[in-house]
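Notes follow the structure.
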Amino acid sequence: MSVRRNYEPKEKFVERMRELLSGNEDVERYFEVAKSVPLKSIRVNTLKIGVDELKSKLLGKGWEVRQPFSEYPEIIIVDGIEPGEIGKAREHLLGYYYVQEITSMMPVIALGLRKDERFLDLCASPGSKTTQAAMLMENTGSIIANDVSLGRISILSANLQRCGVMNSVVTRHPGSELVLKLSKLGMGFDKILVDAPCSGEGNIRCSPRTYLEWSEKLLKSMGRKQKKIVSEVVGLLAENGEMVYSTCTHAPEENEEVVQYLIDEFGLEIVPVKLPLKVRPGLLYWRGKKFSKEMKNAVRIYHHDNDMEGFFLCKLKKS
Ligand SMILES: C[S@@+](CC[C@H](N)C(=O)[O-])C[C@H]1O[C@@H](n2cnc3c(N)ncnc32)[C@H](O)[C@@H]1O
């Protein structure tokens, strides 16, 4: 495990991780892995190339590749290459693969997208999950890939084009505006993903500067923003439609509290998910707040459990 330059976490962050994790050894391991260099992973874009064909091309370049999950052969870990090489390779430019952290693939796996479904990706840029969804849907059905940031929308469009995605429309609206427009058209969705903007605690290995920007005030204001974003699109779920809410952070203010809000205000129900990683259950309690029993079916992912980035996700259903 190679180690690199790091910033020190604030005392309050350490305190919170002590509350979230289970004992000294767990906490020590968390902060030890936080200083290590993350694995490099890619997702084969089967819209353009077969897994075996790409694998032999990469082996031919001298890359060391391994497929950690037999159920998901398209997920590949790459070892033994120079920094930057993975993004500059010809195969990447041709859209044969998408460079994507493995935990970031979990929300779309949890959604279980199928052919011919109607899918809304509300916070879609730069498009890692939209391209993954299009692949699972085999370019059928329809995807609305939305984001509010103009700069990021252009990267999203470029990624969709590079990956040969043909079933998507890119839109740029805050949720409330999008809902108004789509409801006028009578559109509902079978699946919605809200991969919300967040404080990024789970990304500490890729972005150690997160420690510098971190504060409890930030977590609280992100929580308010996320509740607003996610609540705006609930009305677009079709009957029996399903939604995944995800963040790359550990803060319960941005995770369980947002999910609890969806349960209390909109009557959504949590659906259990099966993922190929070591995961921990959602919290039932945090600093004086009690959550529904079903919150145990939300998913917490810590980087030291899988040598991958930290994440939170919860699948919900409109019944
Ligand atoms: C975590 S990133 C999404 C990453 C993306 N899902 C992917 O996998 O490539 C969060 C995104 O939410 C967008 N965003 C922030 N506020 C939003 C809002 N009100 N409506 C839609 N998107 C928003 C940000 O511009 C950012 O691109």
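Counting convention: from 1, in listed order, for ligands and their atoms alike. In what follows, every heavy atom counts, from backbone to side chain, and hydrogens, waters and symmetry copies are set aside.
Here is the list of ligand 1 atoms found below 4.0 Å of a heavy atom in Arg152: 2 (S), 25 (O), 26 (C), 27 (O). Atoms of ligand 1 lying under 4.0 Å from any heavy atom of Ser128, numbered from 1 in the order shown and given with element: 7 (C), 8 (O), 9 (O). Distances below 4.0 Å separate heavy atoms of Leu122 from the following atoms of ligand 1: 21 (C), 22 (N). Under a 4.0 Å criterion applied to the non-hydrogen atoms of Lys129, ligand 1 contributes the atoms 7 (C), 8 (O). For ligand 1, the atoms lying closer than 4.0 Å to a non-hydrogen atom of Ile229 are 16 (N), 17 (C), 18 (C), 19 (N). Close approach of ligand 1 to Ser149 (heavy-atom distance below 4.0 Å) involves ligand atoms 25 (O).
The shortest N/O to N/O separation between Lys225 and ligand 1 does not fall below 3.5 Å. Considering backbone and side-chain atoms alike, Pro197 places every N or O at 3.5 Å or more from each N or O of ligand 1.
Of the possible polar contacts, one joining the Lys191 side chain to the Gly112 backbone as a donor-acceptor pair under 3.5 Å is found.
Between the side chains of Glu138 and Thr140, no donor N or O sits under 3.5 Å from an acceptor N or O. Side-chain polar atoms of Asn24 and Glu28 form no donor-acceptor pair below 3.5 angstrom. Between the side chains of Asn146 and Thr171, a donor-acceptor pair is found at a separation under 3.5 Å. Thr130 and Asp121 share a donor-acceptor pair across their side chains, judged by distance under 3.5 Å alone. Under the 3.5 Å distance criterion, with hydrogens and angles disregarded, no donor-acceptor pair is assigned to the side chains of Asp147 and His173.
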(request) Please report the C-alpha distance between Tyr285 and Phe291 in whole Å, then the side-chain angles of each, then the deciding distance to 0.1 Å, and finally whether the ring-ring contact (aromatic ring centres under 6.0 Å, His included) criterion is met. (result) CA-CA 6 Å; Tyr285 190 79; Phe291 304 120; 8.1 Å; no
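In terms of protein heavy atoms, atom 16 (N) of ligand 1 is closest to Val148 CG2, 3.5 Å. Protein heavy atom at the shortest distance from atom 25 (O) of ligand 1 is Asp147 OD1, 2.6 Å. Among protein heavy atoms, the minimum distance from atom 12 (O) of ligand 1 is reached at Cys123 CB, 3.2 Å. In terms of protein heavy atoms, atom 5 (C) of ligand 1 is closest to Ser125 O, 3.2 Å. In terms of protein heavy-atom proximity, atom 10 (C) of ligand 1 is closest to Asp195 O, 3.6 Å.
For Ala124, every heavy-atom contact with ligand 1 shorter than 4.0 Å involves the backbone, none the side chain.
In this structure, His303 has its ring center under 6.0 Å from that of Tyr30.
Residue contacts with ligand 1 include Ala196, since one of its heavy atoms falls under 4.0 Å from the ligand. Put simply, no part of Ser104 is less than 4.0 Å from ligand 1, judged by heavy atoms.
Closest of all the heavy-atom pairs between Leu113 and Leu136 is O-CB, 4.1 Å.
In summary, Lys61 and Glu91 engage in a salt bridge, as defined by a charged side-chain N under 4.0 Å from a carboxylate O.
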